[in-house]
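Written out below as structure tokens is the structure these notes cover.
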Amino acid sequence: MSNGLLKGKRGIIFGALDENSIAWKVAERVYEEGGRFVLTNAPIALRMGAINQLSEKCEAPLIPADATNNEDLNNLFIESVDKLGGKLDFVLHSIGMSPNVRKNKHYTDLNHEWYHKTLDVSAMSFHRVLTAAWKNDSMNDWGSMLALTYIAAQRVFPDYNDMADAKSMLESIARSFGYHYGKEKKVRVNTISQSPTPTTAGKGVKGFDQFIAYADQISPMGNADATACADYCVAMFSDLTRYITMQNLFHDGGFSSTGVSAEVLDKM
Ligand code: NAI
């Protein structure tokens with residue numbers, strides 16, 4: 001299905017690790033809609049190799065960048081504009097990682113060095129990305145910059161751990177930087193708050209299977225999957241959403257507005 005919604009648009013997609021990654025599906029859909037882009041990930045993730053297939057399929061140059069390294073990000077934006085033949089129209093930040101979640105540290109007993117790492121990789125990296133694009137004047141007017149987030153930024157999901165704090169910060173960065181991007185460059189900055197989705201990062205959260213089943217039964221429409229999230233990203237990169245900015249946009253089948261559902265009540 002293609003409507004040419006992104007024909008002539010150029011961008012950067014962060015965070016495609018394997019075919020389950022949300023960023024992978026976004027890359028496929030953006031390509032279908034006529035968008036052209038650079039794919040990027042941390043050097044270690046690129047060495048795993050799966051992303052080469054995606055790069056071939058989407059005719060997308062691959063440029064490594066650690067999203068916690070300003071120099072890498074500056075190079076990435078300069079090289080992307082060069083390789084794609086002009087300034088950019090869209091950026092997807094699809095990056096998350098918590099050493100505390102990985103090592104099963106309880107929230108009441110966090111390793112605070114790792115906590116720094118969680119915040120840097122999963123939240124401050126968005127500030128770094130927005131800054132690199134700003135300083136290199138890499139975005140076209142009416143461009144769109146997006147990051148993916150989760151409702152644990154607003155409500156407690158105990159096993160989401162320090163990632164919840166990172167997501168609150170990420171959403172705040174989208175608002176704060178979105179103000180300046182809107183004023184100076186007519187570029188929009190938003191976060192999409194996605195349903196739980198079975199990916200490498202998602203499945204790293206303790207009790208993920210119960211988590212995803214619970215969300216599915218609460219949401220009137222059921223969980224939104226990665227392909228539907230990719231459709232939403234395409235809409236947000238297109239010219240049809242030019243005045244949506246500084247928002248946290250729930251893409252969750254109605255989960256965020258539902259207190260309880262008949263299915264969950266029946267289990268009590
Ligand atoms: P994923 O594991 O496929 O993607 C996470 C990506 O972050 C990987 O490609 C990884 O290589 C990259 N990354 C980690 N450290 C990095 C660094 N230093 N520099 C550059 N890239 C780095 O998992 P998924 O689920 O596709 O995650 C994408 C985004 O969606 C994340 O922000 C995640 O928190 C968010 N999200 C995921 C949900 C889920 O249930 N899977 C629900 C809501 C939001």
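Indexing begins at 1, ligand by ligand and atom by atom, following the structure's order.
- Using modelled atom types, one side-chain atom of Thr199 and one backbone atom of Gly202 make a donor-acceptor pair closer than 3.5 Å.
- The local environment of CD1 in Ile44 is sparse, with at most 12 non-hydrogen atoms from other residues, nucleotides or ligands closer than 6.0 Å.
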Between ligand 1 and the protein, tabulate every N or O atom pair separated by less than 3.5 Å, reporting distance only.
residue	atom	partner	partner atom	Å
ligand 1	2 (O)	Ala201	N	3.0
ligand 1	3 (O)	Ser21	OG	2.6
ligand 1	9 (O)	Gly15	O	2.9
ligand 1	9 (O)	Asn41	ND2	2.9
ligand 1	11 (O)	Asn41	OD1	2.7
ligand 1	11 (O)	Asn41	ND2	3.4
ligand 1	18 (N)	Asp66	OD1	3.1
ligand 1	19 (N)	Ala67	N	2.9
ligand 1	21 (N)	Asn41	OD1	3.3
ligand 1	23 (O)	Thr199	OG1	3.2
ligand 1	25 (O)	Thr199	OG1	2.4
ligand 1	26 (O)	Ile22	N	2.9
ligand 1	32 (O)	Ile95	O	3.0
ligand 1	32 (O)	Lys167	NZ	2.9
ligand 1	34 (O)	Lys167	NZ	2.8
ligand 1	40 (O)	Thr197	N	2.7
ligand 1	40 (O)	Thr197	O	3.3
ligand 1	41 (N)	Thr197	O	2.9
ligand 1	41 (N)	Thr199	OG1	3.0

Are Gln194 and Tyr232 close enough, and set up right, to give a side chain to side chain donor-acceptor pair (under 3.5 Å), and what steps lead you there? CA-CA 10 Å; Gln194 164 66 9; Tyr232 194 23; over 6 Å; no
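- Partner Thr149 forms a side-chain hydrogen bond (donor to acceptor under 3.5 Å, both in side chains) with one of Glu171, Lys167, Gln154 and no other, that one being Glu171.
- Partner of Tyr115 under the side-chain hydrogen bond (donor to acceptor under 3.5 Å, both in side chains) criterion, out of Asp165, Asn100, Asp162: Asp165 alone.
- For the residue pair Asp18/Thr200, the side-chain donor-acceptor check at 3.5 Å is satisfied.
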